[in-house]
Number of protein chains: 2
Amino acid sequence: MSPALQGHRVPMREFSRSLPMALLRAREAVMRQFRPSLRRHGLTEQQWRILRALAAVDASEVTELARTAFLLGPSLSRILRDLEARRLIERRTAETDLRRGVVSISEKGLKLMEEVAPSSEAIYAAITRRYGARKLAELHAMLGALEASLAGLDTEEASEAAASEQE
Amino acid sequence: MSPALQGHRVPMREFSRSLPMALLRAREAVMRQFRPSLRRHGLTEQQWRILRALAAVDASEVTELARTAFLLGPSLSRILRDLEARRLIERRTAETDLRRGVVSISEKGLKLMEEVAPSSEAIYAAITRRYGARKLAELHAMLGALEASLAGLDTEEASEAAASEQE
DNA sequence: GGCAAATACTTAACATGTTAAGTTTATCCG
DNA sequence: CGGATAAACTTAACATGTTAAGTATTTGCC
């Protein structure tokens, strides 16, 4: 009676049940709150992630930073180049291994973080109030569990299942 | 005793408690499973979203499609141009309003979907097995609730909180 | 009717995501 | 020791994310 507007019969679940879509929408709803504040300080979301990651340590190798800030190497390379040009970070080469770069946040970078942090924390607090601290903690746990449960799947079932459809 | 590796004192919560980061990591863990299959068929994640959205209806206006596939206008414009060049979609102009474009999936697009859908469903099934159908449903609900709870926040508390820090 | 404002895109410009290839330096091993 | 491999980035190329501007049509209103 009401398959919305006809549509074509394709053997797929409803779009609304797509997990990646649900995660994307939720993330965007959250990020939409932070972006304007970051933008006022001339920072992108990824640049902010890098500064936060660097502020938590004394220094970090590039590969380690990529893992911490959850960025791919090529993206990180470009962003570090720009952040260094803005003097928000400092970089040197490891003495024992000339292949490795070592990055740290600069005084200027720390000063910028201190400017941004309060409004960022205020927004996070507002989100927590709205959604509920308990639910937020529960969501965090479920997201972590999801990530963990898929950790080893990469080269197993999923790819096999996909591959078997290729034959 | 163990603030990891020193780090600089900045008034921010731990990076690991960042909600956007948790959502990003979870989403990436999921998408990592799907991307290879899509890639084998020459599709990006966003192109696939558009095809899925179009397969569920007879036709859609561009603005409506942007909302459904959760893409920004400029991204959608580019992708539709490419999908049309590949003849996976068809587009025309609305008779009653020449500003509006009307898009629909083509026969070729449907055929491609039928090729991709099985492996996509298989992967989704594998994820569901791993994580648990019940938990997955619960996660979906919590993500929807989060999105809903932040819906009206945009121009209220968060921005005010952020703005007040600007003074 | 006709002009100002709004709507529905599209284009532009710059930043990042993603995969592949390239470069430099270390490490392995015969 | 020295060549083959591997490791740690960096660069390249193309697709999308994001904001601002631009274009074509339509609406609202006097």
Side-chain angles (χ1 to χ4, degrees), chain A residues 20-21 24-25 27-51 60-67 69-86 88 91-103, chain B residues 20-21 24-25 27-51 60-86 88 91-103 154:
Chain A
M21 180 65 93
L24 177 62
R25 295 178 62 97
R27 180 167 202 277
E28 180 54 30
V30 174
M31 279 313 302
R32 192 191 336 278
Q33 313 302 324
F34 289 100
R35 252 188 291 270
S37 165
L38 291 178
R39 193 153 207 289
R40 278 194 290 274
H41 294 280
L43 289 173
T44 66
E45 171 195 340
Q46 292 83 355
Q47 292 168 346
W48 179 239
R49 287 218 301 272
I50 291 175
L51 293 185
S60 171
E61 291 183 3
V62 173
T63 299
E64 183 189 3
L65 182 57
R67 195 178 48 71
F70 208 67
L71 291 168
L72 293 180
S75 292
L76 185 55
S77 269
R78 284 178 306 218
I79 300 174
L80 289 181
R81 166 169 49 67
D82 298 345
L83 291 178
E84 187 179 17
R86 289 167 65 181
L88 296 175
R91 95 204 285 185
R92 57 187 181 77
T93 300
E95 303 88 359
T96 62
D97 188 339
L98 298 182
R99 295 171 304 180
R100 298 168 191 268
V102 179
V103 189
Chain B
M21 181 64 93
L24 177 62
R25 295 177 63 96
R27 179 167 202 276
E28 181 54 28
V30 174
M31 279 313 303
R32 193 192 334 280
Q33 314 302 324
F34 290 99
R35 253 190 289 270
S37 165
L38 292 177
R39 192 153 207 289
R40 278 195 289 273
H41 293 280
L43 289 173
T44 66
E45 171 193 341
Q46 292 82 356
Q47 293 168 346
W48 179 238
R49 287 219 300 273
I50 291 174
L51 293 184
S60 171
E61 292 183 1
V62 173
T63 298
E64 183 189 2
L65 182 57
R67 196 178 46 72
T68 308
F70 208 67
L71 291 168
L72 293 180
S75 292
L76 186 54
S77 270
R78 284 177 306 218
I79 300 174
L80 289 181
R81 166 168 48 69
D82 298 346
L83 291 179
E84 187 180 17
R86 290 167 65 182
L88 296 175
R91 95 203 287 184
R92 57 186 181 76
T93 300
E95 305 87 0
T96 63
D97 188 340
L98 299 182
R99 293 171 304 182
R100 299 168 191 269
V102 179
V103 189
D154 291 36

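Order of the sequence lines sets the chain letters (A, B, ...), proteins ahead of strands, with each chain counted from 1. Since we're looking at a predicted model, the values are computed, not measured.
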Using a heavy-atom cut-off of under 4.0 Å over every strand shown, decide if [X] touches base, sugar-phosphate, or nothing.
X	result
A:Thr44	sugar-phosphate
B:Arg78	base
B:Glu45	nothing

Option among A:Val102, A:Leu83, A:Leu80 that satisfies the side-chain contact (heavy atoms from CB on, under 4.5 Å) test with A:Arg91:
A:Leu80
Measure across B:Arg49 and B:Phe70 and return the closest heavy-atom pair with its distance rounded to 0.1 Å.
NH2-O, 3.3 Å
Distance, nearest 0.5 Å, that separates [atom1] of [X] from [atom2] of [Y]:
X	Y	atom1	atom2	result
B:Leu65	B:Leu71	CG	CG	7.5 Å
B:Arg40	B:Leu43	CZ	CG	12.0 Å
A:Arg100	A:Glu95	CZ	CD	12.5 Å
B:Arg35	B:Glu28	CZ	CD	4.0 Å

5'-most by nearest nucleotide on DNA chain D - B:Glu95 or A:Glu28:
A:Glu28
Looking at residues at least two apart in the chain, or sitting in another chain, which of them share a salt bridge (Lys or Arg N to Asp or Glu O under 4.0 Å) with B:Arg99?
B:Asp97
Along DNA chain D, first and last positions that approach a heavy atom of chain B under 4.0 Å:
D:dA15 to D:dT26
Return a single string for nucleotides 4-10 of chain C, one symbol per nucleotide in 5' to 3' order, where B is base contact, S is sugar-phosphate-only contact and - is none, cutoff 4.0 angstrom on heavy atoms.
--BBSSB
Are B:Glu61 and B:Arg67 ion-paired here, with the side-chain N under 4.0 Å from a carboxylate O?
no
